[in-house]
Amino acid sequence: MAAPFHRAHSADENRVVSPPAAPTPRGEGQPGAPGGRGGGGGGGGGAAGRIAHSPSYPNSGYATNGDGNLGGSRRSLEGGGGSSKALSRSSSGAVANADATGGNGEGSGKHWSGTSSALSASSETPRAWASQLSASGDNSGGAILELGDYNDQMATSPYPEAIKEEEGSVEGRNVPMPDVTLEEELSESLMPLKWVFFPEADPIQQFRGKPWREKIWVFLKGVFPILEWLPKYDLRYYLLGDIIGGVSIAIMSVPQDVSYAKYANLPAEFALRTSFIPPLLYAIQGSSKHLVIAPVSVVSQLLGTTLSGIVDPSADPALYTSLAVTATFFCGIFQLIMGLCRFGFLVDFLNQPTIVGFLSGCSLTIAIQQLKLILGYKDFTLSTSIVNIIAAIVQYSSQFQWKAFVMGMSFFLYLTTVRALVYLKPKNKVFYYLNALGPLTSIVISTIIVSVAGLSTKGIPTIGKIGTGLHGASSISYLNFSSEFVADVATVGFIACLVCLAESVGIARTFASLYGYHIDGNKEMVAFGSMNLVGSFTSCYVATGSFSRTAVNMLAGARTAVTQVIMSGLILLVLLVAAPLFKNVPNCVVGAVIANAALNLLDFHAAWSLWKVDKMDFLVMSGCFLAILFGSPEIGLLVAILLSLIKILLRSLRPHIRLLGLLPNAAATAVSVLQFPNSTLCEGIVMLRIESPLYFPGANFVRQRVKKLCDAYARGYQQPVKHCVLDLSVMHDIDVTAIEAMRDLHRDLTQTGIQLCLASANRDVLRKMFDAQLLAEIGEQWLFVTPADAVKLCRAVALSQPAAKESEQLLTSVETYDI
C-alpha cells in the first residue's frame with residue numbers, strides 16, 4: 001500500500017509533498033513520478049520532479065528538479081546518476097508516460113546525482129516549446145511537489161504559460177506591490193527628514209519601559225555628558241596627563257588672553273574670565289575630550305572690527321563694552337536654538353578630507369603667526385593669510401629683537417628635539433615626560449631666566465602687568481537691547497555664532513578623529529550656547545574652541561575634559577592673586593610653544609593616503625588647506641564643503657553604469673565584467689547596473705548611456721539586442737524626473753525592438769514607479785528579483801521564438817567584447 005501524502009508547511013493549501021523516494025542504485029534510473037492533472041514528472045538518481053500548471057492550461061505540466069525552483073530558461077544538466085524524461089498530457093488528450101534510463105552518474109555513499117528534463121506541450125499553444133533546467137539531486141530525500149492553481153490576479157505573461165511563476169516565488173517575478181495606507185506612506189516619505197534630525201530614529205526609545213527615576217537619570221546624562229564619563233574616570237591612567245595638560249594651557253592662556261582682549265578692544269580681565277567660566281560649563285555639557293574653550297583671535301578681531309563700526313571704543317568704552325556683552329548674549333541664544341532644533345547634522349559635512357585639510361592648514365597658519373612673538377615684534381597684521389603675514393614680517397623688520405629670537409628658537413629646538421626622541425624611542429619614559437612637560441617647563445624656566453637677568457627691559461618683550469580681582473563680575477546690567485543698536489548687535493552675534501560653530505566643531509571633529517571617538521553636534525551647539533549665554537551674564541565675551549590650546553593640550557597628554565576644570569581653577573587663581581607671577585613670561589617662548597605644538601599636527605601621511613585612494617578627496621583636502629593658508633579657517637571650511645558638494649553633484653550628474661556578466665561556474669550570479677574578467681556576456685541580453693541613486697541631474701545621461709551601451713553591444717556581437725536588464729539594487733532612490741527619463745528609455749528601446757527589464761529594485765523605488773504608472777507601461781511581468789532571474793526568462797522567451805537557436809545559449813568572453 002502506498003504511503004499517504006503529507007501536507008507541506010505552506011500558505012498554499014494546494015501544495016502536497018510525497019514521501020521520500022527509495023535510493024536508486026548507481027547507474028540505474030528510476031521511473032518518473034506521476035504528474036498532477038495529466039502532467040508528468042521524472043526523477044533520476046534521486047532527483048525529484050516538480051510540476052506546475054495553470055488554470056488556462058489544466059492539462060499541461062512542467063517538470064523540473066527537486067530543488068523547488070521553477071524557471072523559464074534553457075539550462076544544461078551535468079553530472080547525472082541517471083536521466084529521466086516525461087511527456088505530459090496535452091489538452092488534446094495525449095496520454096502521459098514516463099520512462100527512465102540508467103546513466104554513468106558519479107556519486108559516493110548515499111548521495112547520488114542525476115539529471116532530469118521535461119517536455120511539455122499543449123495543442124492550445126501556437127507551437128510546442130521545450131525548456132531544460134539543471135539541478136543535482138540528493139538520494140536522501142526526493143519529493144514531488146504539486147503547486148496547485150495560479151493566482152487569478154497574476155498578470156498575463158507574453159511568454160509561454162508553462163514557465164509562469166506562482167505569486168511570491170523567489171524566481172522569475174518580483175514580489176507584488178503591497179497595499180499601503182496613507183499614514184504609512186506619509187510616515188515613510190518623511191522618514192529621511194526624521195533621520196536628519198533624529199539619527200537614532202526613535203529619540204524616546206531609551207525612556208520606554210523604565211521607572212521615572214531611571215528616566216530622569218537618562219535625561220540628565222543626555223543633557224550633561226559629564227555624568228556619563230566621570231563615573232568611569234580612571235585616576236591611574238588619566239589624572240597625570242590631565243593635570244599636565246591643564247597646567248600647560250593655563251599658563252599659555254594668560255599671555256594669549258591679554259593679546260586677544262586687545263583685538264576685541266576690551267579689558268584683559270574680560271578675556272581671562274572667558275577662559276574661566278565657559279570652559280567649566282563646557283566640561284559639564286560638551287562631548288569633546290580635548291577641545292579647549294577660550295577666546296580666539298578670529299572672534300576677537302570680528303568683535304573689535306564690527307562693533308567699532310557701531311560705536312568708538314575710545315570715545316565711549318562703557319557703551320562699547322555693553323554692546324560686546326549683548327553680542328555675546330545673542331551669540332549664545334542663536335547657538336542654543338540651533339542645538340535644540342537639532343542642527344547638529346551639519347557636523348556631518350565635515351568629512352575626512354575636510355578634517356585633514358583643516359588640521360594641516362590651521363597648523364601651518366598658526367605656526368607662522370607665532371613669528372611675531374619669536375621675532376620680538378610689537379606691531380603685526382591681524383590677518384591669517386600667509387601672504388599678509390610674510391608682508392608684515394618684511395614691513396615691521398625694524399622691530400626685530402635678536403635676543404627674543406635666540407631665546408624663542410632655543411626653546412623651539414628643545415621642544416622639537418624632545419618630540420623627535422619620543423618618536424624614535426616611544427617606550428622611554430624619560431623622553432615621554434620631557435615631551436609632556438615640555439611646554440610647562442619651557443615657560444617656567446624662561447620666566448625665571450627673564451626675572452633673574454632682568455631681560456624684560458633688555459629686548460625681550462613680556463606679558464606685563466595684569467589686573468586682578470573679580471570685581472564687576474556680573475554684567476547683566478550691561479545688556480543693551482535699545483532699538484538703536486539691537487538689530488546691528490544681533491547681526492554681529494549671529495555672525496559670531498556661525499564662525500564659532502564652524503571653527504570649534506571643525507577642531508573638535510578633527511581631534512576626535514585622531515583619537516577614535518565621536519562628537520555629538522547637537523550637544524556641542526547646546527554647550528556653546530549655554531556657556532556664551534552664561535558668559536554674557538558674568539563679564540565674558542564670545543568663547544569658542546581654540547586650536548592652539550587644544551594642540552598643546554593634546555601633546556601634553558590630556559585625556560578628558562578634566563583639563564578644562566584644572567585650567568579654569570588656575571585662571572581663577574590668576575585673577576585673584578597670581579597675576580603678578582605672569583608679569584615676566586616672555587612672549588617669544590609662548591610663541592615657540594604654540595608653533596611647536598601646531599607643526600606637530602601636520603599630517604603628510606593622511607594627505608598621501610587621500611591621493612592614493614581618491615583624487616577627488618585629495619582635491620577637497622587641498623582646497624581646504626590652500627583656502628586656510630591664503631584666506632582664513634572659515635573660508636577653508638566653506639571651500640571644502642562646497643567642493644564636497646560639487647563632488648556629490650558630479651557623481652549624481654554622471655551616475656556610473658556597470659556592465660554585468662555571469663560567472664561560468666555560478667550562472668545565477670551577475671557580476672561586473674571589469675572586476676571579474678572571467679565572467680561572460682549573454683547573447684542578445686545586455687545587463688547593466690546603475691550604481692547610484694537616480695535624480696534629475698543624471699537622468700538624461702543614464703538614458704543616453706544605456707542606449708549607447710546597447711548599440712555598442714549590438715556592434716560587438718554583430719546581432720541585435722533583444723533584452724536590456726537594469727540592475728537597480730544600488731539605486732535606493734529615484735525622483736520624478738528620473739522616472740520620466742526611464743519611461744523615455746523604455747519607449748526608445750521598444751522602438752528598436754529591445755525589451756526593458758528591471759531587477760532588484762527596492763520597495764521605495766518600486767512604489768514610485770508604480771504610482772507613476774511606469775511599471776504598468778513596462779509590464780510588471782518584466783520585473784524580477786535578481787538580474788539572473790531576468791536572464792533566465794529572457795533566454796526562455798528567445799527560445800520560444802522561431803528564429804531562436806535550439807542549441808545551448810551562446811556565451812561570449814568579455815575579453816572579445818570592446819564597448
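All values derive from a computational prediction rather than experimental measurement.
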Check: Can Lys289 be said to sit on top of Tyr517's aromatic six-ring, NZ or CZ under 6.0 Å from centre and within 45° of the ring axis?
Finding: yes
Notebook entry, point to check: In terms of ring plane angle, is the pair Tyr414 and Phe411 parallel, tilted or perpendicular, where the classes change at 30° and 60°?
Noted result: perpendicular
Item checked: Any donor-acceptor N or O pair under 3.5 Å, side chains Tyr377, Gln395 -> no
Check: With no hydrogens and no angle check, do the side chains of Ser300 and Tyr541 hold a donor and an acceptor under 3.5 Å apart?
Finding: yes
Notebook entry, point to check: So with a 6.0 Å cut-off around CH2 of Trp229, is the heavy-atom count from everything else above 12?
Noted result: yes
Check: Which atom pair, heavy atoms only, marks the closest approach of Gln369 to Ser383?
Finding: NE2-O, 3.8 Å
Margin query: Any side-chain to backbone donor/acceptor pair from Lys262 onto Val258? Under 3.5 Å, distance only.
Written below: no
Notebook entry, point to check: Can you find a side-chain donor-acceptor pair between Arg651 and Ser692 that sits under 3.5 Å?
Noted result: no
Notebook entry, point to check: Distance from Leu440 atom CG to Ser248 atom OG, nearest 0.5 Å?
Noted result: 4.5 Å
Note to self: Using the rule given for side chain to side chain contact (heavy atoms under 4.5 Å, CB included), can you reason through Leu307 versus Asn265, listing the C-alpha separation, both sets of side-chain angles and the distance that settles it, and then say yes or no?
What the structure shows: CA-CA 9 Å; Leu307 294 179; Asn265 299 316; over 6 Å; no
Next item on the list: List the steps, then state whether side chain to side chain contact (heavy atoms under 4.5 Å, CB included) holds for Thr354 with Met621.
Entry: CA-CA 5 Å; Thr354 302; Met621 183 275 298; over 6 Å; no
Check: Phe329 and Phe481: aromatic ring centres closer than 6.0 Å?
Finding: yes
Notebook entry, point to check: Can any side-chain N or O of Ser287 pair as donor or acceptor with the backbone N or O of Ile519 at less than 3.5 Å?
Noted result: no
Item checked: N/O donor-acceptor pair under 3.5 Å between Asn532 side chain and Ala543 backbone -> yes
Notebook entry, point to check: Side chains of Asp257 and Ser275: donor-acceptor distance under 3.5 Å anywhere?
Noted result: yes
Next item on the list: Find out whether Leu570 and Ile566 are in side-chain contact, i.e. whether some heavy atom of one side chain is under 4.5 Å from a heavy atom of the other.
Entry: yes
Item checked: Shortest non-hydrogen contact between Pro461 and Gly376, atoms and distance -> CG-O, 4.0 Å
Next item on the list: Step by step, work out the side chain to side chain contact (heavy atoms under 4.5 Å, CB included) result for Phe625 and Leu364.
Entry: CA-CA 9 Å; Phe625 175 79; Leu364 189 57; 3.9 Å; yes
Notebook entry, point to check: With ring centroids as reference points, do Tyr238 and Tyr233 lie under 6.0 angstrom apart?
Noted result: yes
Next item on the list: State, to 0.1 Å, how close Cys540 and Arg273 come at their nearest heavy-atom pair, and which atoms those are.
Entry: SG-O, 3.4 Å
Item checked: Donor + acceptor pair across side chains of Asp242, Thr563 (<3.5 Å) -> no
Note to self: For Thr550 and Asn553, which I'm curious about, is there any donor-acceptor pair between the side chains at under 3.5 Å?
What the structure shows: no
Next item on the list: Please check if the side chain of Ser259 supplies one atom and the backbone of Pro255 the other of a donor-acceptor pair under 3.5 Å.
Entry: yes
Note to self: Whether the Asn584 and Thr462 side chains hold a donor-acceptor pair (N or O, under 3.5 Å, no angle test) is what I'd like checked.
What the structure shows: no
Item checked: Any donor-acceptor N or O pair under 3.5 Å, side chains Gln352, Asp617 -> no
Notebook entry, point to check: Looking only at heavy atoms, which two atoms of Leu601 and Ser363 are closest? And how far apart?
Noted result: CB-OG, 3.3 Å
Notebook entry, point to check: So, Glu503 versus Thr544: side-chain donor-acceptor pair below 3.5 Å or not?
Noted result: no
Notebook entry, point to check: Can you check whether Ile310 reaches Thr306 side chain to side chain, under 4.5 Å on heavy atoms?
Noted result: no
Next item on the list: Classify the side-chain pair Ser568/Gln564 by whether it contains a donor and acceptor separated by less than 3.5 Å.
Entry: no
Item checked: Side-chain heavy-atom pair Ile594, Met252 within 4.5 angstrom cut-off -> yes
Next item on the list: Over all heavy atoms of both residues, which pair between Val325 and Phe270 is shortest? Give the atoms and the distance, please.
Entry: CG2-CE2, 4.0 Å
Next item on the list: Return the minimal non-hydrogen interatomic distance between Leu291 and Gly545, and the atom names on each side.
Entry: CD1-CA, 3.7 Å
Notebook entry, point to check: Between Lys372 and Lys378, is any pair of side-chain heavy atoms under 4.5 Å apart?
Noted result: no
